[in-house]
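Here's the structure, in structure tokens; my notes come after.
Below, chains carry the letters A, B, ... as their sequence lines are ordered, and counting in each starts from 1.
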Amino acid sequence: MNPGTAARADTARTPKGMHDVVWPESARWELTVARFARLVESAGYGLAITPVLEHAGIFHRGIGEGSEVVGKEMYTFADRDGQLMALRPEGTAPIARSFVQHHPVPPWKTWYIAPSFRHENPQHGRYRQHFQLGVEALGPADADLDAETVALAHEFLAGLGLRQVTLKLHSMGDGVCRPGYLALLGAYLAPRQAALCQPHQGRASENPLRVLDCKTPECRAATADAPHFLDHLCDPCTEHFGRVRSGLDALGVPFTLDHRLVRGFDYYTRTTFEFASGATPAAQNGIGGGGRYDGLVELLGGPPTAGIGFGIGMERVLMACDAEGTFPTAAPQLDAYVMDTTGGESALTLTAELRRAGLRVDRAFDGRSMKSQIRSADRSGALVALVVGPQELAAGTVGLRPLRGDAEQRSVPRADIVSELKGFLINAMFIEGPDTTP
RNA sequence: GUGGGCGUAGCUCAGUUGGUUAGAGCGCCAGGUUGUGGUCCUGGAGGUCGGGGGUUCGAGACCCCUCGCUCACCCCA
């Protein structure tokens with residue numbers, strides 16, 4: 001370890017590629033997660049919270065040794081017991097591991113918001129720690145579940161107001177037809193090695209699918225006439241994929257078939273899909289993706305169990321929202337802000353009383369001047385300032401001063417402050433009153 | 001992991017061919033207004049010039065190393 005790196009350990013900063021999410025940005029996270037939870041819970045999903053750390057083998061076996069994420073980007077280390085541990089690089093394998101461990105009765109539908117770690121070089125929209133919102137449904141192999149799952153992700157993104165998001169769909173076949181297709185693709189590429197881009201020359205035989213995914217003009221040209229997997233699926237896979245497509249059509253979810261869609265994890269079978277934003281830079285326009293992984297549970301030691309899910313990148317989604325300018329404005333944070341220039345005891349008790357009554361209330365501290373306190377009240381975004389000065393203290397009243405709009409400050413008996421404040425807020429339609437509609 | 005650009009106050013930035021105690025706007029604090037915000041005026045606080053080393057009488061500026069951000073590649077969310 002060089003001196004510069006060592007010195008860095010003393011500096012108060014987040015590690016490279018990792019970020020604090022603090023207010024007001026964190027308010028968008030809360031709202032986004034809440035929306036996601038409400039949506040997927042309406043579809044029968046329950047929350048799953050799994051450890052950030054797993055035995056590294058879960059990912060080696062599940063995602064695949066050869067994958068970029070496991071081979072080059074995973075945070076792996078031996079803990080104090082000498083066990084090889086890894087920080088979760090994605091959300092699906094831990095859920096499958098959890099299924100194997102607890103053998104719940106399928107269908108088992110879970111959702112998560114989970115930090116994921118990849119040791120790569122960060123840039124805007126790609127971080128060493130990012131958060132994924134996701135769902136996993138284990139058990140059914142039914143193509144309707146594929147359609148439902150894709151539609152759920154689509155509905156979430158559309159519900160955030162995103163309009164420039166496109167959906168790509170493909171099928172990766174299964175253990176029956178994939179070997180045949182890989183051989184076919186390999187045979188197609190073998191005589192064309194020299195035409196591929198530098199990095200892929202000589203390596204095409206290792207993972208021919210990667211070449212399809214490559215964006216260089218050389219590889220694009222060389223694979224222009226490559227066989228499409230969709231033309232070589234086995235009959236059951238063809239039928240399954242046909243039902244997924246008709247299901248999405250029936251649900252009104254637009255998609256395009258993309259024979260170059262190759263996902264980075266080995267566990268995918270049959271249906272795979274990705275959502276991309278047309279509003280963010282191409283390098284990080286992938287905002288989510290997923291697919292079916294019918295062999296994963298068995299791979300991790302469980303019974304043969306089908307599964308499908310998706311992960312959506314929290315940071316990427318918010319980037320897309322920013323790019324499209326669709327994110328809703330934040331609601332006011334506080335109903336009232338308490339000011340007290342008489343020593344603070346009134347503020348202490350009044351604030352507690354109002355909070356017990358269900359109101360959102362903050363107050364000034366450190367006995368600052370009236371002017372200073374009302375400036376804080378204004379900045380806090382509160383709708384009303386409640387003023388306790390010497391006059392109010394002596395008279396047993398509280399000054400109710402509206403901060404938004406042009407209403408006058410008025411004096412309210414201290415004993416009536418909760419009902420008076422609620423009455424004011426309802427009247428001003430800042431909070432919901434009793435439902436008076438028929 | 002590879003390559004380009006950039007790091008000066010909380011934020012956005014200025015800082016001449018190297019030359020005294022490093023500046024502005026916004027924000028923050030206080031006062032003007034001895035009881036009242038959003039406007040205005042005045043004042044104040046706040047800086048290891050990302051970090052370390054070097055060249056020099058003298059470095060925010062030049063050189064080397066390093067850390068971070070950023071853009072691209074790779075790959076992905």
Side-chain angles (χ1 to χ4, degrees), chain A residues 1-19 63 67-74 89-92 113-134 153 157 197-200 203 207 210 213-216 262-265 274-277 280-290 310-320 337 339-342 364 366 368-382 384-393 399-406 408-409 411:
Chain A
M1 186 160 291
N2 62 48
T5 307
R8 184 165 48 101
D10 290 338
T11 64
R13 320 184 27 103
T14 49
K16 180 174 181 169
M18 305 191 185
H19 301 281
I63 299 174
S67 70
E68 196 85 7
V69 166
V70 169
K72 295 170 61 179
E73 299 179 350
M74 200 156 69
E90 57 94 48
T92 301
I113 163 77
S116 301
F117 302 84
R118 293 176 197 174
H119 192 102
E120 55 192 335
N121 225 336
Q123 62 187 69
H124 192 50
R126 64 186 300 207
Y127 307 108
R128 290 189 170 182
Q129 175 181 242
H130 72 280
F131 285 77
Q132 287 193 25
L133 290 160
L157 298 171
C197 69
Q198 267 309 324
H200 281 123
R203 294 201 322 167
N207 194 345
R210 276 272 148 261
D213 191 37
C214 185
K215 295 172 194 70
T216 62
V262 172
R263 306 230 72 219
F265 305 146
E274 277 182 10
F275 292 91
S277 169
T280 53
Q284 54 271 343
N285 68 354
I287 61 182
F310 64 76
I312 289 177
M314 186 74 185
E315 294 85 351
R316 296 272 177 94
V317 163
L318 292 179
M319 277 175 64
Y337 193 94
M339 298 161 50
D340 180 356
T341 57
T342 66
D366 293 333
R368 294 187 298 158
S369 68
M370 189 71 82
K371 176 173 180 168
S372 169
Q373 292 194 38
I374 197 163
R375 291 186 67 193
S376 296
D378 182 43
R379 261 201 309 260
S380 75
V384 170
L386 298 178
V387 184
V388 181
Q391 285 175 27
E392 286 82 3
L393 188 64
L400 192 163
R401 181 186 178 91
L403 292 170
R404 318 295 155 202
D406 46 16
E408 297 275 307
Q409 176 170 337
S411 189

Q.
Test salt bridge (charged side-chain N to carboxylate O under 4.0 Å, His left out) on A/Arg401 and A/Glu408; report intermediate values, then the result.
A. CA-CA 7 Å; A/Arg401 181 186 178 91; A/Glu408 297 275 307; over 6 Å; no
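- Donor-acceptor pairing under 3.5 Å, judged by distance alone, is present between the side chain of A/Gln409 and the base of B/U36.
- Residue-level contact check: A/Arg118 touches the bases, meaning some heavy atom is under 4.0 Å from a base atom.
- Nucleic acid contact for A/Gly125: base, since at least one base atom lies under 4.0 Å from a heavy atom of the residue.
- Across all strands shown, A/Phe131 has no heavy atoms under 4.0 Å from either base or sugar-phosphate atoms.
- Comparing B/C73, B/A77, B/C29 by their closest approach to the side chain of A/His130 singles out B/A77.
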**Q.** Step-by-step salt bridge (charged side-chain N to carboxylate O under 4.0 Å, His left out) determination, A/Asp340 to A/Arg368
**A.** CA-CA 9 Å; A/Asp340 180 356; A/Arg368 294 187 298 158; over 6 Å; no
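- Residue contacts for A/Glu392: at a heavy-atom cut-off of 4.0 Å it reaches a base atom on one of the strands shown.
- Scanning atom types as modelled, one donor and one acceptor separated by under 3.5 angstrom connect the side chain of A/Arg401 and the base of B/G37.
- For A/Arg126 against B/C75, a side-chain-to-base donor-acceptor contact under 3.5 Å is present.
- The base of B/G1 is not paired with the side chain of A/Glu73 by any donor and acceptor separated by under 3.5 Å.
- Side-chain atoms of A/Arg316 come within donor-acceptor range of the base of B/C76, with a qualifying N/O pair under 3.5 Å.
- Between A/Asp213 and A/Arg210, at least one side-chain nitrogen of the basic residue sits less than 4.0 Å from a carboxylate oxygen of the acidic one, meeting the salt-bridge criterion.
- At the heavy-atom level, A/Arg210 lies under 4.0 Å from the strands shown only through sugar-phosphate atoms.
- Minimum atom distance to the side chain of A/Asp378 is reached by B/G38, of the listed B/G38, B/G32, B/C76.
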Q.
Apply salt bridge (charged side-chain N to carboxylate O under 4.0 Å, His left out) to residues A/Glu120 and A/Arg128 and explain how you reach the verdict.
A. CA-CA 6 Å; A/Glu120 55 192 335; A/Arg128 290 189 170 182; over 6 Å; no
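- Side chain of A/Glu120, nearest nucleotide from B/G32, B/C75, B/U2: B/C75.
- Taking every side-chain heavy atom of A/Ser369 into account, B/G31 is the closest of B/G31, B/C28, B/C76.
- Looking at heavy-atom distances under 4.0 Å, A/His124 makes contact with sugar-phosphate atoms alone, never a base.
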